[in-house]
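Positions are given from 1, in the same order as the sequence printed here.
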Amino acid sequence: MSSSINSSSSSRSSCGLCPFAVQVIKGRWFTVFASFLIMAGAGATYLFGVYSKDIKSTLGYDQTTLNLLGFFKDLGANVGVLSGLIGEVTPAWFVLLVGSAMNFAGYFMIWLSVTEKIAKPKVWQMCLYICLGANSQNFANTGALVTCVKNFPESRGVMLGLLKGFTGLSGAIFTQLYLAIYPNDSKSLILLIGWLPAALSVVFVYTIRPMKAVKQQNELRVFYHFLYISVSLALFILAMSLIQKQVAFSQTAYAGTSAVVCLFLFLPLAIAIREELVLWNLKKKPVDPPTEVSIEKPQEIQEIKDDSDLQVQNTKSTTCFGDICNKPERGEDYTILQALLSMDMMILFIATFCGLGSSLTAVDNLGQIGESLGYPTKTIKTFVSLVSIWNYFGRVFSGFVSENLIVKWKVPRTLMMTFMLVLSSLAYLSIAFPFPGSVYVASVIIGVSFGAQLTLLFTIISELFGLKYYATLFNCGQLASPLGSYILNVKVTGMLYDREALKQLAEKGLTRSSVKELTCLGGQCYRLSFSILAAVTFFGALVSLVLVMRTRKFYKGDIYKKYREAA
């Protein structure tokens, strides 16, 4: 008798758990958790400084050729117009699946080339492989990031900061994982960044989808809890990076640190379950019938009315490329061409060309900068890891800080972009004129400013031009960065580096054909090029000040009013 009672009660509890589990998986907060993991795997491009030495030595490239490869990486990573247009007409799961296939195909071919399992590819083939692999992160952005911004429109600055923060932390996360799985084998790191991000997108592909935006009272508090977890993860990885530089870790120790990293990555799931449990209990709470009729029914009618109004408005509106001259007010939904041909977007384009173009150049050359200044290989890997960690802090805190500045003091978000550009120009000067420990200082500042610029760019675009065509517009907005990277990295930094290296060879009585790898040693290798980067970035800061003046009145108003009324 008692056994039958126990079995019936256990069956009731299991029946109760199943609907709750379905609600969790289908909920907005689980979408956020899944997006964190996908974005944590979407920053493999920032590890180029770790494995670029293997490409250079194995395939016998000079610095100009390696920087050309870096440019195509940046081109793929930043030209996301295709993913944006696909995202406008297909569901998020399709975008994520296409991205996962591209990621695996591109990096797997690079791994086969570097490990010499296939014949040495031509330079254009390597450029194609790395461009394909890097472009996959735009599909992750379009599938996960755009969906989350639309699901939480009033918290977009915070949401973007957290998501891009996990991407910025991606390089440091991968470094810890590869040291545990493939100890001190940077060639196998290429294989890891080929299969792991693709697997993450496939596993969570059907949980990423747009939902009706409903403002929760404690929404910002929940995001702060996510922030505490992500900051703890970043501080842990930072501590491990510094300790691993001083102490020789065993394979077991590396496995232990990787396990802790994975634990931090899955902690947001507990918060997602907690929030869904609150909603679950509210649904089960008995409501007085008269109150339910008087409150809930009109709300239901209002939602239908709003939807019908939206349909009428959409029938009257033009196509996504139409009505170029008749631009709406800032904050309203621009069409694609209205946004692209606006003065605000042109100013953003110039500032991005100068700022992100210089930042990408600095990040791509960090390994060679450390080598030219005589730092050991282990220390150079620490630089790359530091850039990744501070990149995270720049992305996250630029979102949270700029959001608070807007809410409390109506400070334009564009002003923070100006500040970050000035800060990064100082970092480039510390590399151009190095002093003891200057690369450590520069890696921190470059990481923070680079991460902040990305988050601010994406948030500003969503605020000025609306969310209707955000999937395409935010991808168009970052087109300037690969163009800046090509000019500043390939045509300026790479060529000036090779010129100094050839000068050193000539002093030794050698020619280019007598050495396989062209290497420059000394502070003069990057002095002129990084002085140019500092000047270009400062010019970008001055240009961004124009946008600050243009948008000052807009940010003085209530920029989230229409989203609050819709919710």
Side-chain angles (χ1 to χ4, degrees), residues 45-54 56 63 66-67 70 168-169 171-172 175 186 234 237-246 355-394 420-453 485 488-489 492-494 496-498 500-501 504 517-538:
T45 52
Y46 305 120
L47 285 165
F48 184 72
V50 175
Y51 62 82
S52 60
K53 180 76 173 173
D54 293 314
K56 187 177 181 181
Q63 191 63 32
L66 188 67
N67 283 8
L169 204 56
T175 300
S186 50
I237 294 178
L238 176 62
M240 288 300 102
S241 299
L242 296 175
I243 293 171
Q244 287 162 4
K245 180 177 175 293
Q246 304 295 332
L356 287 179
S358 298
S359 295
L360 288 169
T361 301
V363 171
D364 286 349
N365 285 275
L366 200 58
Q368 282 69 42
I369 291 169
E371 181 185 38
S372 68
L373 295 177
Y375 289 93
T377 304
K378 201 169 185 180
T379 304
I380 293 170
K381 290 181 180 179
T382 303
F383 292 153
V384 176
S385 187
L386 281 174
V387 166
S388 182
I389 292 167
W390 291 108
N391 188 0
Y392 156 80
F393 281 112
M420 288 300 167
L421 289 172
V422 173
L423 191 65
S424 57
S425 65
L426 297 176
Y428 304 143
L429 288 175
S430 70
I431 292 176
F433 303 96
F435 52 85
S438 62
V439 182
Y440 283 103
V441 176
S443 64
V444 171
I445 297 175
I446 290 169
V448 169
S449 60
F450 181 32
Q453 287 175 65
S485 172
L488 298 172
N489 195 4
V492 176
T493 306
L496 290 175
Y497 177 95
D498 286 343
E500 287 293 334
Q504 290 181 4
E517 182 182 348
L518 193 59
T519 304
C520 179
L521 298 175
Q524 71 278 7
C525 298
Y526 285 99
R527 179 160 297 148
L528 179 57
S529 58
F530 270 71
S531 297
I532 294 171
L533 291 186
V536 168
T537 306
F538 187 73

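Atom CD of residue Glu500 and atom CG of residue Leu528 lie 8.5 Å apart, to the nearest 0.5 angstrom. Taken to the nearest 0.5 Å, the CG atom of Leu429 stands 11.5 Å off from the OG atom of Ser438. With rounding to the nearest 0.5 angstrom, the CD1 atom of Ile389 is 6.5 Å from the CG atom of Leu169. Interatomic distance, Glu371 CD to Leu521 CG, rounded to the nearest 0.5 Å: 6.5 Å. Rounding to the nearest 0.5 Å gives a distance of 11.5 Å between CZ of Phe435 and CG of Leu373. The distance from the CG atom of Leu496 to the CD atom of Gln63 is 11.5 Å, given to the nearest 0.5 Å.
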Decide side-chain contact (heavy atoms from CB on, under 4.5 Å) for Leu426 and Ser430; before the verdict, give the C-alpha distance in whole Å, the side-chain angles of both, and the deciding distance to 0.1 Å.
CA-CA 7 Å; Leu426 297 176; Ser430 70; over 6 Å; no

Carefully, step by step, assess Val536 and Val492 under the rule side-chain contact (heavy atoms from CB on, under 4.5 Å).
CA-CA 12 Å; Val536 168; Val492 176; over 6 Å; no

One pair to check against side-chain contact (heavy atoms from CB on, under 4.5 Å): Leu66 and Gln368. What are the steps and the verdict?
CA-CA 11 Å; Leu66 188 67; Gln368 282 69 42; 3.8 Å; yes

Would you please test Leu421 and Phe538 for side-chain contact (heavy atoms from CB on, under 4.5 Å) and show each step?
CA-CA 7 Å; Leu421 289 172; Phe538 187 73; over 6 Å; no

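Trp390 and Phe393 have tilted rings, their planes meeting at an angle from 30° to 60° on a 0 to 90° scale.
Qualifying ring-ring contact (aromatic ring centres under 6.0 Å, His included) partners for Tyr375, counting only residues two or more places apart in sequence or in other chains: Phe383. Among residues two or more places apart in sequence or in another chain, the side-chain contact (heavy atoms from CB on, under 4.5 Å) test is passed with Leu242 by Leu238. Taking the ring-ring contact (aromatic ring centres under 6.0 Å, His included) definition, one finds that Tyr526 meets it with Tyr497, Phe530, sequence neighbours left out. Partners of Thr361 by side-chain contact (heavy atoms from CB on, under 4.5 Å), not counting sequence neighbours, listed by chain and number: Asn365, Leu488, Asn489, Thr493, Leu533. Looking at residues two or more places apart in sequence or on another chain, you find a side-chain contact (heavy atoms from CB on, under 4.5 Å) between Ile445 and Leu423, Ala427, Val441. For the side-chain hydrogen bond (donor to acceptor under 3.5 Å, both in side chains) test, no residue two or more places apart in sequence or in another chain qualifies with Ser424.
Under the 3.5 Å distance criterion, the side-chain polar atoms of Gln453 are left unmatched by any main-chain donor or acceptor of Met420. With hydrogens and angles ignored, the 3.5 Å screen pairs no side-chain donor or acceptor of Tyr428 with any backbone N or O of Ala442.
Side-chain contact between Ser372 and Gln524 is absent, with no heavy-atom pair separated by less than 4.5 Å.
The two atoms that bring Leu518 and Ala501 nearest to each other are CG-CB, 3.6 Å, heavy atoms only.
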